Amino acid sequence: MRTVLLVALLSLAAPAYANHPEERLDETMAEREPAFEPTGLGRLPKLDIQSADGELDLDALEGRIVVLSFVSDGCGDPCADQQAMLAEVQEAIDVTPMRDMVSFVSVASPEVSPEGPDAANWIAARPQEAGDADALAASFAALSDRDCNAPMVHVIDRGGRHAGIFHGTAFGHVSMTLYINGLTNAHPHEPGMFDRVLGMFQ
């Protein structure tokens with residue numbers, strides 16, 4: 001029932017978001033959701049992870065919105081609560097046409113059991129090197145300007161831009177769903193010349 005209500009809410013809220021220019025989507029969400037931090041970064045830290053199907057990098061998900069989270073050993077309840085909230089977001093996404101445009105990637109340390117729903121667009125991944133979950137999480141956490149120890153959810157748009165961060169579990173899952181909906185309606189970000197030149201040396 002909750003999912004049905006959320007889908008109805010999306011249908012009503014989408015036009016309101018559509019009235020904002022695409023470049024104001026991040027700003028609008030930041031005004032409405034204190035736990036959201038816009039970043040708008042064109043380059044991402046290196047992410048060496050593997051799924052059950054083998055090595056995985058974000059380039060393999062090009063053209064999709066990626067919702068990236070980390071569950072490291074010792075994170076405990078904060079990460080578990082955040083993963084449960086992401087499962088609610090994923091459930092809402094998957095009853096809409098957005099299902100084929102969004103991938104949820106949850107990176108867990110080997111000591112942590114894979115979390116998340118059994119869905120085609122939810123990828124349970126591990127670091128390629130043992131013990132690197134904390135290091136990978138820290139490299140992405142460094143993209144934030146906030147002094148916050150809560151686990152972060154990183155949203156990457158279809159053009160590979162690091163669009164923003166949802167901190168902890170203080171955000172509403174409706175807010176994240178609406179934000180992802182806004183990104184699906186925006187034109188994919190095109191990397192600038194600086195990013196393209198740097199990309200040649202990676």
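These numbers come from a predicted model, not from an experiment. We count residues from 1, following the sequence as given. Note: hydrogens, waters and symmetry copies are ignored here, and every other heavy atom, side chains too, is used.
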Whether the side chain of [X] engages the backbone of [Y] through a donor-acceptor N/O pair (distance < 3.5 Å, no angle test) should be reported.
| X | Y | result |
| --- | --- | --- |
| R161 | T39 | no |
| Q82 | G168 | yes |
| R158 | E62 | no |
| E37 | D145 | yes |

Can you measure from [atom1] ([X]) to [atom2] ([Y]) and round to the nearest 0.5 angstrom?
| X | Y | atom1 | atom2 | value |
| --- | --- | --- | --- | --- |
| L68 | M152 | CG | CE | 12.0 Å |
| H167 | S144 | NE2 | OG | 4.0 Å |
| I180 | I93 | CD1 | CD1 | 4.5 Å |
| H162 | D157 | NE2 | CG | 10.5 Å |
| I156 | R64 | CD1 | CZ | 13.0 Å |
| D94 | D100 | CG | CG | 8.5 Å |

Report yes or no: do V102 and V155 belong to one cluster of Ile/Leu/Val/Met/Phe/Trp/Tyr joined by side chain heavy-atom distances under 4.5 Å?
->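 The answer is yes; both residues are in one hydrophobic cluster.
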Cluster question for you: counting only ILVMFWY and a side-chain heavy-atom cut-off of under 4.5 Å, with indirect links fine, are I165 and V174 together?
->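 No, separate clusters.
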Closest non-hydrogen atom pair, S72 against S109 =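 Where S72 meets S109 most closely, the heavy atoms are C-OG, 3.8 Å.
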Got more than 12 heavy atoms from elsewhere within 6.0 Å of CD, Q50?
->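 Result for CD/Q50: enclosed.
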Hey, are the side chains of S69 and Q83 touching, using non-hydrogen atoms and a 4.5 Å cut-off?
->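 In short, these two side chains touch, coming nearer than 4.5 Å.
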Going by heavy atoms in the side chains, are S175 and M29 under 4.5 Å from each other?
->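 The answer is yes, as the side chains (C-beta and beyond) meet within the 4.5 Å cut-off.
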Let me know which of D57, I123, L56 forms a side chain to side chain contact (heavy atoms under 4.5 Å, CB included) with I49.
->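 One option only clears the test, and that one is L56.
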Give me the ring orientation class for H154 and F70: parallel if the planes are under 30° apart, tilted from 30 to 60°, perpendicular past 60°.
->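 The rings of H154 and F70 stand perpendicular, inter-plane angle above 60°.
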